[in-house]
Amino acid sequence: MIMYLMSIDSQENKSKFEFIYDQYKYLMIRVARDILKNDDEAEDAVHDAFMKIANNMEKIGEVDSIKTKNFVILTTKHTAIDIYRKKLLIHNNEMSVDGLENPDILVSEDVVHMNEENRTIYIINQMPDIYKEIFILKYVNEYTNLEIAEILNISEATIRKRISRGKDIIAKTLNEMEVQ
Amino acid sequence: MVNERNLDNLLKSVMPEVNKQLVDDLENAIDYDYKFSWKFKQKMKKLSHYEERKDISKKERMRTTIIRILAEAAACIFALFILGSAFGVDIFAFSKFFTAKVFETKEGGLVHEYHSITEAPDLEDIVYEEPSYIPEGYKEYQRDIFFSGMDIIYQNKYGDEIKWNQYLATDGLTMGIDNEFDKYEKIPYEETNMELYIYEEKQNITLYCEKGHYIYLITASSCGREELIEMLKSRKIVDK
């Protein structure tokens, strides 16, 4: 029993939170400054994002992984967007849906000759960020729709709709390419 | 034609590449020379302390549970031993009086919840204690004696206060401590420890100590570490 108590005491003192802070603070401030164009507000966004991260520590596995990086980037981005909205006195918590319904996907001759995977990458890269983010959290981070909704602070129903709408856009564009 | 299942598999295979491109673009433009402001660093330091305390309190909870189990087991063995031999031996002298479970609240408080291991004294047998040392310039301003403890407020001419609290650690008593502190120190004191919490921004200092059946809490805004320690050490029994 004494050995067990000693092992608790000798554990690494530096917390996971500190590792995340050290590893990602510059990436986070870069993301926040990009949106807010103001250093003070960007720092507020990074701080608020860290608070959200602290409250969702159970969603974070290995600190130095692409999944954690995605989580940190998207949490910061959406926190900065929230601050930006407040600044503009826009109270709607959802992203504007302008341009989300039917994004214009330009299909050039070169794209038609690509394989299916590269065509899909090309299409996704032309889609609005909100689709890309949800696809990243779903297919790379493997979060459930509910978890994605919590991270992006939007309803689960909206997440479902956006996944479905995003897939429709990809499928429709890929099928049009097939015909050409 | 692309169907739903194909599309799911396709997205699983291409999204890591899309993800990599996006992250690479971001990382290529990171400004590692960016100087975070002092205000930001302070805020992050606080948040980091808070997270650190969360980890500590988890370990502390584990530790108090283990200690409590060991103490209870020891008390049972001892009780069995004395049953057959020396009646009248004071079991309190051989075991801990109470345990304190520490946990966090959503509001950021550090709550101690006390559980008696041995029977606490009857409320009418409480021994009230007050400090015989009071920092210079302070006078007693208010005193409340209640069934399970005592609060005394000392005040100086500038309105600065020192609060002295003494409580009997009865089963189920809870006590909250603001855990947004900037410094924490554990000071060995007789067979126990004093815990010092310093809040730089609020310019506040709290000394916490569990001793015998009692909890002592001294809070001040304009006093130093040594003065609070001296107050605790100087306590004397209040004349009834």
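Nothing here was measured: the structure is a model prediction, and the numbers come from that model. Reminder, nothing fancy here: chain letters follow the sequence lines and each chain counts from 1.
- Among residues 225-232 of chain B, no residue has any heavy atom closer than 4.5 Å to a heavy atom of chain A.
- Side-chain contact annotation: B:D8 with A:Y139, donor-acceptor N/O pair under 3.5 Å present.
- Between A:K167 and B:L11, the closest side-chain pair of non-hydrogen atoms falls below 4.5 Å.
- The heavy-atom pair separating B:P16 from A:V140 by the smallest distance is N-CG2, 3.9 Å.
- For chain B, the nearby part of A:Y21 is the side chain; its heavy atoms alone come within less than 4.5 Å.
- In this structure, chain B has heavy atoms under 4.5 Å from both the backbone and the side chain of A:F135.
- Looking at A:I29, only its side chain comes within 4.5 Å of chain B, counting heavy atoms on both sides.
- Taking NZ of B:K20 as the start and CD1 of A:I136 as the end, the distance is 13.0 Å to the nearest 0.5 Å.
- In this structure, the side-chain contact (heavy atoms from CB on, under 4.5 Å) partners of B:Q21, at least two apart in sequence or on a different chain, are A:I121, A:N125, B:E17.
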Side chain to side chain contact (heavy atoms under 4.5 Å, CB included) between A:L174 and B:L10, worked out
CA-CA 11 Å; A:L174 281 174; B:L10 199 53; 3.8 Å; yes
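- At a 4.5 Å heavy-atom cutoff, B:K45 makes no contact with chain A through either its backbone or its side chain.
- Heavy atoms of A:I73 lying under 4.5 Å from chain B belong exclusively to its side chain.
- Proximity to chain B (any heavy atom under 4.5 Å) is shown, for A:K138, by neither the backbone nor the side chain.
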Full working for side chain to side chain contact (heavy atoms under 4.5 Å, CB included) between B:Y34 and A:D39
CA-CA 10 Å; B:Y34 179 82; A:D39 288 353; 3.6 Å; yes
Set out, in order, the CA-CA distance, both residues' side-chain angles and the distance that settles side chain to side chain contact (heavy atoms under 4.5 Å, CB included) for A:K132 and B:N19, then state yes or no.
CA-CA 8 Å; A:K132 283 185 234 175; B:N19 188 192; over 6 Å; no
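- Inter-residue side-chain proximity for B:K43 and A:E43 is flagged as unmet; no heavy-atom pair is nearer than 4.5 Å.
- For the pair A:R30/B:Y32, no side-chain contact is recorded, criterion being any heavy-atom separation below 4.5 Å from C-beta on.
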Taking it one step at a time, do A:D40 and B:K39 satisfy side chain to side chain contact (heavy atoms under 4.5 Å, CB included)?
CA-CA 9 Å; A:D40 287 342; B:K39 192 179 147 201; over 6 Å; no
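- Here the side chains of A:I124 and B:M15 are in contact, with some heavy-atom distance below 4.5 Å.
- Taking the six-membered ring wherever Trp is involved, the centroid distance between the rings of B:F36 and A:Y26 falls below 6.0 Å.
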